[in-house]
2 protein chains.
Amino acid sequence: MPKRVDHAERRTEIAQALVRAAGRLGLHAVGMRDVAAEAGVSLRLVQYYFESKEKLLLFGLRHLAGRFGERVTARVRAAGDSPGPRAVIEALLMAALPVDEESRLFHHLYTSYAVLSVTDETLAAQPFIKDPDAAEITLTGLLQQAADAGLLRPGTDPHAEAVGLLAMSAGLGTSVLVGQRDAESATAVLHYQLDRIFRP
Amino acid sequence: MPKRVDHAERRTEIAQALVRAAGRLGLHAVGMRDVAAEAGVSLRLVQYYFESKEKLLLFGLRHLAGRFGERVTARVRAAGDSPGPRAVIEALLMAALPVDEESRLFHHLYTSYAVLSVTDETLAAQPFIKDPDAAEITLTGLLQQAADAGLLRPGTDPHAEAVGLLAMSAGLGTSVLVGQRDAESATAVLHYQLDRIFRP
DNA sequence: ATGTTCGTGGTACGTTCGTATCACAATGAC
DNA sequence: GTCATTGTGATACGAACGTACCACGAACAT
């Protein structure tokens, strides 16, 4: 049976199984055996490709962040041909909302990792936890461009708005995730905020 | 040794021990034995006053929500003597930021509970998860008052602003919690947003 | 052809967890 | 003074967890 196998591919498959299982059981409750069953392999194999559970979790976080990054850039690029920076900004902010199952999963697990990082210093040391910095820089730049082009209302501070909008998007995402609000009302609030920032 | 004991008081003490232990170890990692040790009692006693771990967690969540509610209303009342509704709104939003150890703890654990509620329907059924609804109603009312008094810039939608501000406050709180931003910059962003809403 | 490495399965070990059981001392009721 | 109830301790139990160990078949190198 044992053909030569692509380790990277195998690890990715298992990481995806971890993500699925964690979405079902919660990240705190998922065990090596759950991941193995979800991936359709034996417990031993999960051990083989990831020496420890901690390594599996770390890889899973990286995988998740990577997938999400691709998703966001894909959305932004899809909106990139549109007229102005507003479409790009909208795409950036909307991509973070848990509107479909994939983004729900992402939000759920990313928040789980964030909570874990409060008490787990190994997790806290991972750069992905502070990946939002990149989003902040990007969004600030986009708003600055818009401001330079005279698209924003006077007196708008691009950086303060960028930080505020991202925090709002994250907060709205969480409230959608826990079922406190539906996705439509969250997008409506974001649209309202953009209307407020952009010149009428 | 066994004097007659006030159950409610005892349960509160143990719940506080749970909160402290969970703050140190993370809610996912805290066990009955940890809570017992933190409270300085035997494992048996934790079992005695809470029949199961689930009941302990539920009570802990209620306790936490109660404490936080008191904190917010105390802050709001302290600002209530001030001139206008802006001070009250500011107090409401700022109270949610993890500026000191108590509010850090609250944010940490409340987020932990929220994450758990995604996969635990018993937790999701607790009304405290959607307690923010109350804050939303209150804040909408305050903004409406301010609008009626002519304090807000024209075209401001009280409800949309309330939802947005609360989400922003929560999002900023999380980013402060995970060390991505410091409390000062978070409050600065909130102040900027209020300046934007209120008439100059 | 042979030996070494690689992929895989099965399974056992030690720990920890939540819970249950047994015992008993101190209290309040009568 | 007797007795049932209440609060408390110590400890045991079964399950689940992460990890380690052992065995073996297939593939590649030489």
Side-chain angles (χ1 to χ4, degrees), chain A residues 1-61 109 112-113 116 119-123, chain B residues 1-61 109 112-113 116 119-123:
Chain A
M1 226 54 88
K3 289 212 175 150
R4 220 39 153 260
V5 124
D6 183 345
H7 272 225
E9 187 182 340
R10 200 73 124 151
R11 286 164 62 91
T12 300
E13 281 170 20
I14 295 178
Q16 279 167 338
L18 162 68
V19 167
R20 286 194 304 271
R24 197 159 19 87
L25 308 170
L27 188 60
H28 66 287
V30 70
M32 305 282 275
R33 288 166 176 84
D34 301 305
V35 175
E38 178 72 37
V41 301
S42 73
L43 168 62
R44 179 68 182 86
L45 276 207
V46 180
Q47 282 189 265
Y48 182 72
Y49 290 102
F50 301 91
E51 294 152 40
S52 69
K53 184 182 184 181
E54 186 182 34
K55 300 236 178 88
L56 170 59
L57 254 46
L58 255 35
F59 186 87
L61 173 57
L109 297 189
S112 300
Y113 277 115
L116 287 190
T119 47
D120 183 335
E121 55 186 22
T122 304
L123 225 42
Chain B
M1 217 65 77
K3 291 212 178 152
R4 222 40 155 260
V5 122
D6 184 347
H7 272 223
E9 187 181 339
R10 202 71 124 150
R11 286 164 63 91
T12 302
E13 283 171 19
I14 295 179
Q16 280 166 338
L18 162 68
V19 167
R20 287 194 303 272
R24 197 159 19 86
L25 308 170
L27 188 61
H28 67 289
V30 68
M32 305 281 275
R33 288 165 176 85
D34 301 305
V35 175
E38 178 73 36
V41 301
S42 74
L43 168 62
R44 179 68 181 86
L45 277 206
V46 180
Q47 280 190 267
Y48 182 69
Y49 289 102
F50 301 91
E51 294 151 38
S52 70
K53 184 182 184 183
E54 187 182 34
K55 299 237 179 87
L56 170 60
L57 255 44
L58 255 33
F59 187 88
L61 173 56
L109 298 189
S112 300
Y113 277 115
L116 288 190
T119 47
D120 182 336
E121 54 186 24
T122 306
L123 225 42

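Bear in mind that the values here come from a model prediction, so they are computed numbers and not experimental data. First the proteins, then the strands, lettered A, B, ... as listed; each starts at 1.
- The shortest side-chain heavy-atom distance between A/Leu123 and A/Leu58 falls under the 4.5 Å cut-off.
- Checking the phosphate oxygens (OP1, OP2) of C/dT8, a side-chain nitrogen or oxygen of A/Tyr49 falls inside 4.0 Å.
- Checked by atom type and distance alone, the side chain of A/Arg33 never pairs as donor or acceptor with a backbone atom of A/Leu43 at under 3.5 Å.
- Residue B/Gln47 has its side chain nearest to C/dA20 when only C/dA20, D/dT19, D/dG7 are considered.
- With contacts defined as side-chain heavy-atom distances shorter than 4.5 Å, the pair A/Tyr48/A/Arg10 does not qualify.
- The main-chain N or O of A/Tyr49 is found under 3.5 Å from a side-chain atom of A/Arg11 such that the two form a donor-acceptor pair.
- For DNA chain D, the residues of residues 50-60 of chain A within the heavy-atom distance limit of 4.0 Å (strictly under) are A/Ser52, A/Lys53, sorted by number.
- DNA chain D lies under 4.0 Å from at least one heavy atom of each of the following residues of residues 8-26 of chain B: B/Arg10.
- Counting heavy atoms from C-beta on, the side chains of A/Arg24 and A/Glu38 come closer than 4.5 Å.
- In this structure, A/Thr119 and B/Leu25 have side chains that are not in contact, with every pair of non-hydrogen atoms separated by 4.5 Å or more.
- Contacts between residues 38-46 of chain A and DNA chain D, counted as heavy-atom distances below 4.0 Å, involve A/Leu43, A/Arg44.
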Worked check of side-chain contact (heavy atoms from CB on, under 4.5 Å) between A/Lys55 and A/Phe59: CA-CA 6 Å; A/Lys55 300 236 178 88; A/Phe59 186 87; over 6 Å; no
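- Mapping A/Arg33 and A/Tyr48 onto DNA chain C by nearest heavy atom places A/Tyr48 closer to the 5' end of the strand.
- In this model, the phosphate group of D/dG7 is approached by a side-chain N or O of B/His7 to a distance below 4.0 Å at OP1 or OP2.
- Contact annotation: the side chain of B/Thr122 approaches that of B/Glu54 to within less than 4.5 Å [non-hydrogen atoms, C-beta and beyond].
- Between the CG atom in B/Leu56 and the CG atom in B/Leu61 there is a gap of 11.0 Å [rounded to 0.5 Å].
- With hydrogens and angles ignored, the 3.5 Å screen pairs a side-chain donor or acceptor of A/Tyr113 with a backbone N or O of A/Leu57.
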